[in-house]
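Taking it in order: structure first as structure tokens, then the write-up.
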Amino acid sequence: MKQPEINFVTQASLLILLSLFVLFSCKSVPTKPKEILSRRLLDTGKLSAVQLADFFLTGNPDIDYEEILDFADIYITEAAAENINSDIAFAQMCLETGFLRFGGLVQPEWHNYCGLGAINTEQPGCIFETPQLGVRAHIQHLQAYATTAEIELNNELVDPRYSWVHKTKFARTVGDMALSWAADPEYACKLEKLLERMEESINR
């Protein structure tokens, strides 16, 4: 029995449809560009209070969420006042306090979030009355590292070691903080790892 002939136009149409199917099935789906956080101290942080709080819980899930959310908002506000990168400041707080677990010379009730003035048992660190003043002192200390003396603060000075830094230290980036902020030669690497974890948390 003679097989029915397939119309040439029909064959061409099928080939075109097949080609289009292959083309679109192989085409990769565009991916969202990854967020990269700045490593410069004098910069604007990218993470919102919610993102900072969510990141914090990866290191200390036992803390009250609303508490750390308010705390993150203080960091963003105080950092913005002095043109300091809130992402770096918050990451440094996590490093210095062990995600607010403390455990070293500095005690939680001192509201000292960056080890300010903590040298030894005779000089265990500075004490601030409220969390906001403690955060402000941290931000001002970073501002002192990142600027020269002629750059004035916008908020009232609460960092007791502010003027000393201008005479002895200078850092523009996270990398500059090794053997500058702390004697630990791995200090900048530890901060860098926290910032990388922050990037991972917002690029999932």
Side-chain angles (χ1 to χ4, degrees), residues 30-104 106 108 111-116 118 128 131-147 155 159 169-204:
T31 56
K32 181 182 176 182
K34 288 189 175 182
E35 289 280 356
I36 302 297
L37 303 181
S38 170
R39 269 52 171 179
R40 293 180 59 82
L41 298 183
L42 290 177
D43 213 339
T44 302
K46 286 188 176 182
L47 273 65
S48 66
V50 170
Q51 289 172 317
L52 289 175
D54 289 346
F55 164 75
F56 183 91
L57 291 181
T58 66
N60 182 0
D62 300 324
I63 202 162
D64 179 75
Y65 184 76
E66 292 301 321
E67 178 184 340
I68 197 60
L69 186 62
D70 291 342
F71 190 58
D73 191 57
I74 293 173
Y75 259 94
I76 291 172
T77 302
E78 291 293 330
E82 306 299 348
N83 193 33
I84 290 297
N85 189 326
S86 53
D87 299 335
I88 292 175
F90 195 85
Q92 188 178 33
M93 176 277 298
C94 293
L95 175 61
E96 290 283 348
T97 67
F99 286 82
L100 292 180
R101 290 190 177 94
F102 293 93
V106 177
H111 307 300
N112 184 341
Y113 305 114
C114 64
L116 193 57
F128 303 96
Q132 183 164 11
L133 288 176
V135 172
R136 181 169 296 179
H138 181 190
I139 296 301
Q140 290 180 349
H141 210 60
L142 282 170
Q143 193 265 11
Y145 268 78
T147 65
N155 283 325
D159 172 13
K169 307 287 184 179
F170 186 73
R172 290 188 181 276
T173 68
V174 167
D176 295 334
M177 297 179 76
L179 299 177
S180 175
W181 183 284
D184 182 2
E186 298 298 315
Y187 191 79
C189 292
K190 291 173 182 177
L191 266 180
E192 175 64 29
K193 287 179 181 178
L194 284 172
L195 289 168
E196 288 175 356
R197 281 174 56 186
M198 278 184 171
E199 289 172 338
E200 289 172 4
S201 72
I202 61 174
N203 284 312
R204 289 173 184 156

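For clarity, every value in this text was computed on a predicted model and none was experimentally measured.
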**OP:** Say whether, by atom type as modelled, one donor and one acceptor occur between the side chain of Asp87 and the main chain of Gly45 under 3.5 angstrom.
**Re:**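 No, because the side chain of Asp87 does not come within donor-acceptor range (under 3.5 Å) of the backbone of Gly45.
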
Original post:
Hey, does the side chain of Asn203 reach the backbone of Glu35 with a donor-acceptor pair shorter than 3.5 angstrom?
Top reply: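 Yes: the side chain of Asn203 pairs with the backbone of Glu35.
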
**OP:** For side-chain contact (heavy atoms from CB on, under 4.5 Å), just list the numbers for Leu95 and Leu191, CA-CA rounded to whole Å, side-chain angles, deciding distance to a tenth of an Å, and then say yes or no.
**Re:** CA-CA 7 Å; Leu95 175 61; Leu191 266 180; 4.0 Å; yes

Original post:
Looking at the rings of Phe56 and Tyr75, which for Trp means the six-membered one, are their centres under 6.0 Å apart?
Top reply: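 Between Tyr75 and Phe56, which both carry aromatic rings, the centre distance is not below 6.0 Å.
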
Within-4.5 Å side-chain heavy-atom neighbours: [X] and [Y]:
| X | Y | value |
| --- | --- | --- |
| Tyr65 | Val50 | yes |
| Glu78 | His138 | no |
| Leu47 | Leu37 | yes |
| Leu100 | Phe71 | yes |

Spatial distance of atom [atom1] ([X]) from atom [atom2] ([Y]) [nearest 0.5 Å]:
| X | Y | atom1 | atom2 | result |
| --- | --- | --- | --- | --- |
| Phe90 | Tyr113 | CZ | OH | 11.0 Å |
| Ile84 | Leu42 | CD1 | CG | 5.0 Å |
| Leu179 | Tyr187 | CG | OH | 12.0 Å |

**OP:** Would you check, one step at a time, whether the test side-chain contact (heavy atoms from CB on, under 4.5 Å) holds for Leu142 with Met177?
**Re:** CA-CA 10 Å; Leu142 282 170; Met177 297 179 76; 3.9 Å; yes

Original post:
Got a sec: does the CZ of Arg39 have more than 12 other heavy atoms crowding it under 6.0 Å?
Top reply: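 Yes, enclosed.
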
